[in-house]
Protein chains: 2
Amino acid sequence: MKDIARELGVSVATVSRALSDSPSISRERRQAIQQFAREHNYFPNVIAEQLRHSRRNPSRAIGVIVPELVHYYFSSILDGIESEASSRGYHLIVAKSNESYEREVQICEAMLKNKVCGIIVSQAKDTERYDHFEHLTAAGVPLVFYDRICPALNASRVVVDDYMGTMNAVSHLIETGCKRIAFYGASMNMMIAKNRFNGYRDALYKYGLTLDEDLVRICDNRADAERITPAMMHMENRPDAFFAVNDETAIGILSVVKRMGYTVPDDVSICGFTNGFRATVCDPMLTTVEQRGTQVGKEAADILIGLVEGTLSPDHAEKRIVKTRLVIRGTTRHP
Amino acid sequence: MKDIARELGVSVATVSRALSDSPSISRERRQAIQQFAREHNYFPNVIAEQLRHSRRNPSRAIGVIVPELVHYYFSSILDGIESEASSRGYHLIVAKSNESYEREVQICEAMLKNKVCGIIVSQAKDTERYDHFEHLTAAGVPLVFYDRICPALNASRVVVDDYMGTMNAVSHLIETGCKRIAFYGASMNMMIAKNRFNGYRDALYKYGLTLDEDLVRICDNRADAERITPAMMHMENRPDAFFAVNDETAIGILSVVKRMGYTVPDDVSICGFTNGFRATVCDPMLTTVEQRGTQVGKEAADILIGLVEGTLSPDHAEKRIVKTRLVIRGTTRHP
DNA sequence: ACGGACTACGCAAACGATTGCATTCAATTA
DNA sequence: TAATTGAATGCAATCGTTTGCGTAGTCCGT
């Protein structure tokens with residue numbers, strides 16, 4: 001701007017006003033300045049702009065904290081956030097916590113320093129203190145949780161309808177003739193694990209089946225599934241169906257069951273949760289609950305931007321639930 | 001800082017110096033100021049710092065442009081970049097181009113405005129003009145390409161050893177008895193497609209096999225693979241093996257071939273390229289070339305940071321090749 | 001007692017923009 | 001003709017830091 005001002009023999013203030021199309025500058029001057037700027041491809045220094053406006057205007061950078069990146073669900077969510085944010089003129093600062101509380105704290109600090117206008121976060125698995133999040137809100141940085149929410153904090157959040165998703169899936173298993181349905185869930189200190197279990201339990205009750213504790217296991221990955229499933233199948237009263245907390249676990253069950261000589265879905269039905277890449281790769285293809293990560297991401301970004309732009313009140317915690325959808329494929333019988 | 005200065009009855013300059021531990025401030029004052037700052041949890045305004053230093057010091061934000069996010073290889077790369085960058089004190093601004101040239105241009109502009117210290121990019125599929133990249137280097141923003149590089153630009157880059165990876169994979173097929181090996185590749189205007197094809201061709205030559213054009217097809221996704229594979233298998237002289245440019249395509253072939261009643265690998269061998277989630281989910285598990293995305297990401301970040309910090313000369317284009325590894329599983333015979 | 005050296009600090013200008021207020025100049029009005 | 005008005009522009013402060021340079025004060029040596 002200084003250069004433009006010098007070249008055209010005007011003051012920097014005039015240049016500034018001309019570039020922002022202020023009517024207080026005469027038409028000719030305005031156009032001359034604008035053209036000159038264009039020709040010498042001038043563009044404003046955002047850093048300076050931000051400094052000037054730091055009191056009033058927030059930045060347009062959204063911080064996103066992800067537990068891991070190489071993960072179907074989290075990628076989808078990130079994708080959703082990116083789409084929503086970029087279409088509304090925001091950009092993303094992305095960091096992964098590696099499921100570590102300490103790293104999460106560091107990231108929060110760094111993001112605060114870097115003046116993000118808000119943060120979208122899914123907690124690390126080992127996060128049990130929430131001071132760092134409270135610091136952020138205290139500093140006026142809006143926060144939106146997704147997937148793993150923090151029940152202790154009354155913050156905005158968007159989650160998937162774990163309860164109904166599981167309930168529908170298990171109902172489907174029952175309706176296609178399954179009577180002894182095993183449940184492989186994650187450790188119950190996470191809300192999502194609890195909700196899915198409740199969906200399972202209530203589906204059983206709804207159809208008058210009793211819940212057999214022997215059929216409920218904590219297991220949320222393939223290795224564990226391959227380890228514990230043979231014993232399940234050797235029970236005198238073996239399960240005729242499995243519901244798994246994610247596709248990965250379901251695939252583990254599938255591979256064990258096939259290896260043991262059972263056919264799927266005739267002898268054993270299997271249902272997963274995610275509907276990621278894996279679901280259409282296994283043979284038969286996996287019946288699973290679609291988790292709609294992209295939608296979760298979009299909603300989260302929408303809430304955050306609402307908070308930033310003042311459309312949503314900062315005091316009110318906006319809570320959204322994204323509906324799931326049961327995708328019936330080859331690992332369950334058709335109704 | 002102004003507040004601290006006022007409270008402690010010194011000048012802002014003194015506070016600044018004290019906080020940066022300058023020896024020109026007396027020990028007592030320095031400590032008093034530092035303590036006061038800590039107690040009132042002051043932390044510097046990066047925006048202002050940057051503005052002040054914009055002439056000399058670059059920011060610590062690395063721009064990353066990804067064609068898509070929900071994609072095993074790109075997630076892995078992003079993961080590698082994140083690890084390397086965050087461990088060296090940089091953070092990431094991530095944007096996806098959606099394989100669109102226009103979006104790519106927009107993103108470059110936005111990143112330039114936001115003063116990233118450098119950009120790591122894989123071109124969108126439909127990018128054929130490179131002005132936007134040249135603008136960036138002209139503006140002094142270092143650029144590192146990964147995966148899809150731009151042959152017209154002599155820029156730093158890191159790619160996977162597509163040639164040797166394919167060569168070894170096809171050699172493996174030949175060594176396990178395959179004689180008519182089909183090749184499903186991507187369109188040849190991408191370097192990676194060309195290199196993989198050359199690896200295929202040279203492996204055939206090495207073992208004295210002739211290249212049959214009828215066995216070479218442009219096909220890089222599952223839907224196409226499922227469409228064209230039946231005809232391949234109905235040829236009078238059908239292929240006894242397939243090499244596919246990625247796992248997804250390989251899975252498509254696998255599912256068709258199984259459905260047609262052939263057994264894998266006894267009747268037909270299949271080899272993919274990626275070693276993503278899918279490879280261990282299909283049945284039998286997929287033999288494939290491990291692409292080591294995380295390593296690619298790390299190398300890319302390493303180069304970029306080298307460029308930014310002056311360890312690497314900006315004129316010299318650093319070109320790194322990440323070695324692949326053949327992972328032999330169930331879709332090929334064992335040697 | 002006075003010059004020199006050294007310590008410890010403050011002043012003020014920068015970084016690149018924005019903006020309230022003052023100023024200039026010409027045109028209009030009384 | 002003098003006063004009023006309005007349009008067009010400039011001045012200077014501001015955002016939060018950093019830093020070159022100047023200066024007050026102290027101590028020392030002669």
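These figures come from a predicted structure and were not determined experimentally. Basis for what follows: all heavy atoms, side chains included, without hydrogens, waters or symmetry-related copies. So that the names make sense, note that chain A is the first sequence line, chain B the second, and so on, each numbered from 1.
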With a 4.0 Å heavy-atom cut-off, tell me which residues in residues 25-34 of chain A come close to DNA chain D, sorted by residue number. A:I25, A:S26, A:R29
Just the endpoints, please: which first and last nucleotides of DNA chain D, 5' to 3', lie under 4.0 Å from a heavy atom of chain B? D:dC15 to D:dG20
Any residue meeting side-chain hydrogen bond (donor to acceptor under 3.5 Å, both in side chains) with [X], in chain and number order, not counting sequence neighbours:
| X | answer |
| --- | --- |
| A:H40 | none |
| B:N57 | none |
| B:K323 | none |
| A:R129 | A:D131 |

Within residues 105-132 of chain A or reaching into it, pairs that qualify as ring pair (Phe, Tyr, Trp, His ring centres under 6.0 Å) - sequence neighbours excluded: A:Y101-A:H132
Kindly state each residue pair satisfying ring pair (Phe, Tyr, Trp, His ring centres under 6.0 Å) with at least one member in residues 134-155 of chain B, sequence neighbours excluded. B:F133-B:F145
At 4.0 Å (heavy atoms only), tell me whether B:S54 reaches a base, stays on the sugar-phosphate, or touches nothing. sugar-phosphate
Tell me, which pairs form a salt bridge (charged side-chain N to carboxylate O under 4.0 Å, His left out) where one or both residues lie in residues 133-145 of chain B, sequence neighbours left out? none
Can you check each nucleotide of nucleotides 17-27 of chain C against protein heavy atoms at under 4.0 Å and return B for base, S for sugar-phosphate only, - for none, in 5' to 3' order? BBBB-------
By the side-chain hydrogen bond (donor to acceptor under 3.5 Å, both in side chains) test, which pairs, at least two apart or in different chains, include something from residues 20-32 of chain B? B:D21-B:Q34, B:S22-B:S24
Would you mind reporting whether A:I93 and A:I62 have side-chain heavy atoms less than 4.5 Å apart? no
Taking only residues two or more places apart in sequence, or in another chain, which ones meet A:E104 in a salt bridge (Lys or Arg N to Asp or Glu O under 4.0 Å)? none
